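Everything on this sheet refers to the single structure shown next.
Every chain is numbered from 1, with letters handed out A, B, ... down the list of sequences. All figures in this text were calculated on a predicted structure; none of them were measured in a lab.
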Number of protein chains: 2
Amino acid sequence: MSEAGVTKINAARRSVHYRPGESIFHQHDQPHGIYCLESGHLLLRHFDTFGEQTNFQVVKYGETLGWRSLFAERPHAATAIALSRCDVCFVPGWVIKECIDSEPALAHAFLKTVARDRGPYEALMLRSPRLPVRVRFIYLLLYLRSRCANLSRSGMLVYDLLLQRRDIASMIGIRSETLSRVIHGLEKEKLARFKGRQIVVPDPEKLFGLIGIKLPEND
Amino acid sequence: MSEAGVTKINAARRSVHYRPGESIFHQHDQPHGIYCLESGHLLLRHFDTFGEQTNFQVVKYGETLGWRSLFAERPHAATAIALSRCDVCFVPGWVIKECIDSEPALAHAFLKTVARDRGPYEALMLRSPRLPVRVRFIYLLLYLRSRCANLSRSGMLVYDLLLQRRDIASMIGIRSETLSRVIHGLEKEKLARFKGRQIVVPDPEKLFGLIGIKLPEND
DNA sequence: CGTACCGTTGAGGTGAGTCAAAGTAAGTGG
DNA sequence: CCACTTACTTTGACTCACCTCAACGGTACG
C-alpha cells in the first residue's frame, strides 16, 4: 500500500477502548467503516428471527472486522461484543473507498479477503445437525485453536476461553446442559481437562484424530 | 462497464452446453474463471470431510458462479451439477482481472457482489439444528421461491423443483425418509400439494406465516 | 453471609435417525 | 407393447441423541 494511503488512513482513524461485555456495533446497524482489533478478543453474535442467539466467531487482536457489511452496503449481520478489554481502531468507509479507487492492488487484496472469509460459513461445519455434538465440539476446539490457544512446551494445547458455557454451547447450536455432558465425557476419557474457563488438551493429535483431522494445517 | 471491456470479454468467452447430471466444475478444482448460467438450472453440492454431501444452492439462469473461488485464489468449494439442459458461458479469470484493474467501478461492483453473497451461509438458517425439520423445510421453500417457483394468477406458488427427494433432504440436512413425513404432514394440513417434482402452495402467506415471515420481501 | 448467577447432574420425553420392507416410477430389452 | 430390472419414494417399527425441566452445588460479588 502506498504511503499516501497510509497517511490518509492514519489521519482519519480513531481508537476506542471497550470493556468486557460492551459492544462495538450492533446487528442491524448501518456500517460506517472498518474496525481493526488492536488488542483483546471479540465475539460475533447473531440473533435469528426466532430470537435465538448464535455465536459464530471469535475475533482475535490483529484481525479486522466489519468490511463485509460495508462492501455489501447492508446492515451489520451480527453484534460484536468485547470478551476482554479491547482496543479497537475505526477507519471510516469513505477513506477505504478512496484508497481502493486510487490503488487497484488494494481492490484485489480486499476481493481476496472478502472471498476467503467464510464468515458464518464456519458455522456450517460447527452446526451441521448430522454431526453428533461431541464431534461438533471437537471441531469448535479446532476452530478456536488459532484464536484462543497456546501450545505449551510439552505439546499440550492450552485454551483460555473467555466464554462461559452457554456461549460455547451457542457456537455449536446445543444447550449448556448438553455441553456439560460432552465435557464430562471428554474429561473421563482423559482427552481434555477443564478448569473453569481454561481447557487443556494433553494430546491434540489424539483429540483431533478422532474427527479425522491431522494437525499441521494452519487454517 | 466500458465498451472496451465488453468487447474484450466477448472475445474471450466461450459457451458450453451441458445435459442434466453433467458437472461444470468439481470441488477441489482450481478456478480458472467465472461462469455465467445462460439457461437452465444448476445445483451446488459440497462434500465434507466425512463424505457426506450437502446441497447448498440452486443456481438459476442469469446468475453467475465461480467468482468466490477465483478471487479467493482457492480451489472450488463445491461441485456444480446441471439439473436441466444448461448453457454456460465461461469467462477466463485473467480477462476479469484486467477489466477490474482498468475500471475501479467494476472493483466496487465485484466487492459488493462477493460481500453480499452469503454462499453456504444460506445453509445456516436452513440447517440450524435447533429448528425442527418442518420449519427448515418451509425456509427452504422460501429460499427456492425466487429460483424455482412461479406465482399463478390465483396467487398460488408453483414450484418446479428439478430435484429428487434425497437432494431436497440434503439441502436441510435431513434424511429423505424424514422429508417424506414432513411432506405428508404439510399435505394433510392442506398447506401444500406435492405431485412428483412439482409443489403447489395454495396460500403462501399462510405457509410462510408459520415461520414468522411476511412475504413482500424480495430477497 | 446472603443473593445471584453459573455450572452440573438426574429423570423423562421426543424428534429425527436407522433399518427394513413395501410401493411406485422410470428405464431397458425382447 | 409388455416383462423385467433398477432406482426412487413412502411407510412402519424401533432406537437413541439431545432437549426440557427441575433440583442441586459452586463460585463471585456485594
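Considering only side-chain N and O atoms, B:Thr178 lies nowhere under 4.0 angstrom from the phosphate OP1 or OP2 of C:dA16. Distances shorter than 4.0 Å separate some side-chain N or O of A:His184 from OP1 or OP2 on C:dT9.
Note: CG (B:Leu131) to C1' (C:dG15) measures 13 Å, nearest angstrom. Between A:Arg130 atom CZ and D:dA17 atom P the separation is 17 Å, expressed in whole Å. What separates NZ of B:Lys195 from P of D:dT9 is a distance of 18 Å, to the nearest Å. Taking atom CZ on B:Arg134 and atom C1' on C:dT14, their separation rounds to 16 Å, with Å as the unit. In this structure, A:Arg197 atom CZ and C:dC5 atom C1' are separated by 11 Å, rounded to whole Å. With rounding to whole Å, A:Arg136 atom CZ is found 13 Å from D:dA17 atom P. The interatomic distance linking A:Phe194 (CZ) with C:dG7 (P) rounds to 13 Å, in whole Å. The CG atom of A:Leu179 sits 15 Å away from the P atom of C:dC6 (whole-angstrom rounding).
Side-chain atoms of A:His17 come within 3.5 Å of backbone N or O of A:Cys86 as a donor-acceptor pair.
Residue B:Glu177 has its side chain nearest to C:dT18 when only C:dT18, D:dT9, C:dC6 are considered. The listed nucleotides are D:dC19, C:dG17, C:dA16; the one nearest the side chain of B:Pro132 is C:dA16. Proximity note for A:Arg175 (side chain, C-beta onward) versus D:dC19, C:dT9, C:dG7: the nearest is D:dC19. Listed nucleotides: D:dC19, D:dC8, C:dT8. Nearest to the side chain of A:Ser176: C:dT8.
Each of A:Gln164 and B:Val133 was assigned the nucleotide of DNA chain C with the nearest heavy atom; the assignment lying further toward the 5' end belongs to A:Gln164.
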B:Ser69 and B:His76: side chain to side chain donor-acceptor pair (under 3.5 Å), yes or no, with the steps?
-> CA-CA 5 Å; B:Ser69 307; B:His76 285 297; 3.3 Å; yes

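A donor-acceptor pair shorter than 3.5 Å can be found between the side chains of B:Asp87 and B:Ser39.
The aromatic rings of B:Tyr35 and B:Phe90 sit tilted relative to each other, their planes meeting at an angle between 30° and 60°.
Here the CG-CD distance, from A:Leu43 to A:Gln57, works out to 9.5 Å after rounding to the nearest 0.5 Å.
Base engagement by B:Arg181 is indicated by at least one non-hydrogen atom pair under 4.0 Å involving a base atom.
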